[in-house]
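Lettering follows sequence order; numbering is per chain, from 1.
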Amino acid sequence: MPTTDLIADLEWRGLLKQCSDLEALKAALKTQQTFYCGFDPTADSLHIGNLLPLMALRRVQEHGHKAIAIVGGGTGLIGDPSGKANERTLNTPETVAAFVKRIEVQIRSILIPDKTIIEDNASWICKLSAVELLRDVGKHFTIAWMLAKESVSARLESGISFTEFTYMILQSYDFVVLNERHGCTVQIGGSDQWGNMTAGIDLVRKLRGQQTFVVTFPLITTSSGKKFGKSEAGAIWMDPAKTSPYAFYQFWVNSEDPDVPRFLRQFTLLSHIEIEAIETEHNARPELRSGHKRLAAEVTRMVHGEEELQKVILASQALFGGADLATADVSTLIEATASAPSTEVDLANIPQVADLLVTLGLATSKGDAGRLMKGGGFYINNQQVDAGSVPTLSADHFLGGRLCILRKGKKSYATVRVAGA
RNA sequence: GGGUAGGUGCCCGAGCGGUUAAAGGGGGCAGACUGUAAAUCUGCUGGCUUACGCCUACGCUGGUUCGAACCCAGCCCUACCCA
């Protein structure tokens, strides 16, 4: 059941950047191994940047190995200096604990439930006494060696507290605990975690006399060099309350062409053959955007489920199909746009358009709304409003007397519903 | 503790007594062209206001002045150098 194909698969998918000892790992993978990856509870939801490590763990499972996800309820109280230019503000233990709970649920939804172990490192880190930490763990680290780590050396100029300085020790200790409890032998993570992770290898060797491995995947960038995972509204979250399924789906549909093949490999479970077929199709008819749509569908289904996906596809078709919304089925539209921002109005007293745009988050201020309308970037029910004119909403704008769709630019929309309808 | 250079809008960065809501660039938003892509071109990019206009803004607090981002004083912070 366990296979060494895992490495080849990761390589093909562009998910393998570095490995501490590739040949030895390949040999080890002939028998079932246990992998782990850590997730930092820095917010109340994971975002799509975290999807990559999750997918990596999922692939580990698909190839018959075991996967552990660690939620850093303990390390999250300290703060990882890796890749951070400045010391970070500490969250309260209550906040971190709340983040941990929510993130655990999300992790479970992506991984194969009955094959997944989730651990919160607070359960051992918080029990560690200062003396234990210093005698049993700290004794194995020399200052010179720690200072040489990129995560620390990069911060010597700008400043790093003792707190964050010790982070790598705690993360290393995680590896030791998992090795002891679950026989965990491989840690995977982003390449920015290389320093912390290799520190773990050393500590496991010293404390448990066992060889362990580290595998990293590259950090994701878009082909035009923009930061991956950000949209106009900020990060793309997995929590539907923070990023609507519609916005989530649209994020992927809007991927740049050159990124699509890579994203299909990295973020979907589609097979090599399927992906290559999609690529061929895309190259033949790029204007159909079939690759984008498939990518968006796969990822949205995985994160939000089939039902949400269907709604979102309906909404996308209605809004981008160029259909005349006046003739569309209102119930379907209402259903399809359920995940968009929305507000209710009273037909007898419809607020000004600018105010509505602000309430719905399509504009940041009335001035911003005014500029938008002035520039011709505003649509009511898919009808572009003439640049310069200032529209007012009337009862006629409400499809079936119930729904009015406001759109900003090509991609952002929100709905106005009639109260009680 | 001493010295030097600095702290300007989302970021970088010009301005160094009035014509400065503050050059220029980046980023962002929108329009055109396409394919809900990229590239390119164009417009916008503090808030309120139908509008005249009003308010807020150049580290903080005071002061000089008819008038200050710009001058003065004190303070805070950052970087580098010396103890």
For RNA chain B, which residues of residues 297-316 of chain A approach it to below 4.0 angstrom with any heavy atom? A/Ser316
Counting primed atoms plus P, OP1 and OP2 as sugar-phosphate and everything else as base, spell out the protein contacts along nucleotides 46-51 of chain B at 4.0 Å heavy-atom distance: B, S or - for each nucleotide, 5' to 3'. -SSS--
Measure from CG on A/Leu362 to C1' on B/rA30 and round the result to the nearest Å. 13 Å
Which residues pass the side-chain contact (heavy atoms from CB on, under 4.5 Å) test with A/Ser191, sequence neighbours left out? A/Lys17, A/Gln18, A/Thr216, A/Leu219
When rounded to the nearest Å, what value does the distance between P atoms of B/rC44 and B/rA23 take? 12 Å
Could you check how far NZ of A/Lys293 sits from P of B/rA37, rounded to whole Å? 12 Å
Take atom C1' in B/rC82 and the same atom in B/rC75, then report the distance between them in whole Å. 24 Å
B/rG59 and B/rC52: how far apart are their C1' atoms, nearest whole angstrom? 35 Å
Using the test ring-ring contact (aromatic ring centres under 6.0 Å, His included), find all partners of A/Tyr167 that sit at least two apart in sequence or belong to another chain. none
Quick one: which of B/rA37, B/rG35, B/rA30 gets closest to the side chain of A/Glu256? B/rA37
Ignoring backbone atoms, establish whether A/Lys411 has a side-chain N or O less than 4.0 Å from OP1 or OP2 of B/rA37. yes
Quick one: A/Tyr413 OH to B/rU36 P, roughly how many Å, whole number? 17 Å
Please determine whether a side-chain nitrogen of the Lys or Arg among A/Glu344 and A/Arg417 lies less than 4.0 Å from a carboxylate oxygen of the Asp or Glu. no
I'd like to know if the side chain of A/Glu274 pairs up with that of A/Ser271 as donor and acceptor (distance under 3.5 Å, no hydrogens or angles considered). yes
Protein and nucleotides 31-34 of chain B: nitrogen or oxygen contacts under 3.5 angstrom:
unit_1 : atom_1 : unit_2   : atom_2 : d
B/rG31 : OP1    : A/Tyr379 : OH     : 3.0
B/rU34 : O4     : A/Lys410 : NZ     : 3.3

Is it true that A/Glu298 and A/Arg294 have a side-chain N and a carboxylate O under 4.0 angstrom from each other? yes
Secondary-structure notation, RNA chain B, from Watson-Crick and G-U pairs under 3.5 angstrom (| other strand): ((((((((.[[[..)..(.....]]]((((((.......))))))(((....)))...[[[[[..)....]]]]]))))))).
Under the ring-ring contact (aromatic ring centres under 6.0 Å, His included) rule, what pairs show up with a residue in residues 338-358 of chain A, not counting sequence neighbours? none
Please tell me which of the listed nucleotides, B/rA37, B/rA30, B/rU36, lies nearest to the side chain of A/Leu372? B/rA30
Sequence neighbours excluded, the answer for ring-ring contact (aromatic ring centres under 6.0 Å, His included) partners of A/His282 is A/His292
Using a strict 4.0 Å threshold on nitrogen-to-oxygen distance, state whether A/Glu287 and A/Arg285 make a salt bridge. yes
Using side-chain contact (heavy atoms from CB on, under 4.5 Å) as the criterion, list what pairs up with A/Ile143, not counting sequence neighbours. A/Leu147, A/Phe165
Atom pair distance, as rounded to whole Å: CZ in A/Arg262 and P in B/rA37: 19 Å
For the C1' atoms, the ones on B/rU36 and on B/rG31, what distance do you get once it is rounded to whole angstrom? 15 Å
Would you mind reading off the distance between A/His292 atom NE2 and B/rG35 atom P, rounded to a whole angstrom? 13 Å
Spacing of the C1' atoms in B/rC58 and B/rA69 (rounded, Å): 4 Å
Sequence neighbours excluded, the answer for side-chain contact (heavy atoms from CB on, under 4.5 Å) partners of A/Leu15 is A/Leu10, A/Arg13, A/Leu52, A/Arg59, A/Phe217, A/Gln266
Tell me yes or no: between the side chains of A/Asp80 and A/Gln193, is some donor less than 3.5 Å from an acceptor? yes
Just how far, in rounded Å, is C1' of B/rA37 from CH2 of A/Trp252? 15 Å
Electrostatic pair A/Glu104-A/Lys101, nearest N-O below 4.0 angstrom: no
Hits for side-chain contact (heavy atoms from CB on, under 4.5 Å) against A/Leu128, two or more places apart or cross-chain, chain-then-number order -> A/Glu132, A/Leu133, A/Tyr173
Can you check the distance between B/rU64 and B/rA73, where both ends of the measurement are the P atom (answer in whole Å)? 15 Å
Would you please name every residue forming a side chain to side chain donor-acceptor pair (under 3.5 Å) with A/Glu279, sequence neighbours left out? A/Arg265
Say you pick atom P in B/rC48 and the same atom in B/rC60; how far apart are they, in whole Å? 23 Å
Can you tell me how far C1' of B/rU42 sits from NZ of A/Lys374, to the nearest Å? 15 Å
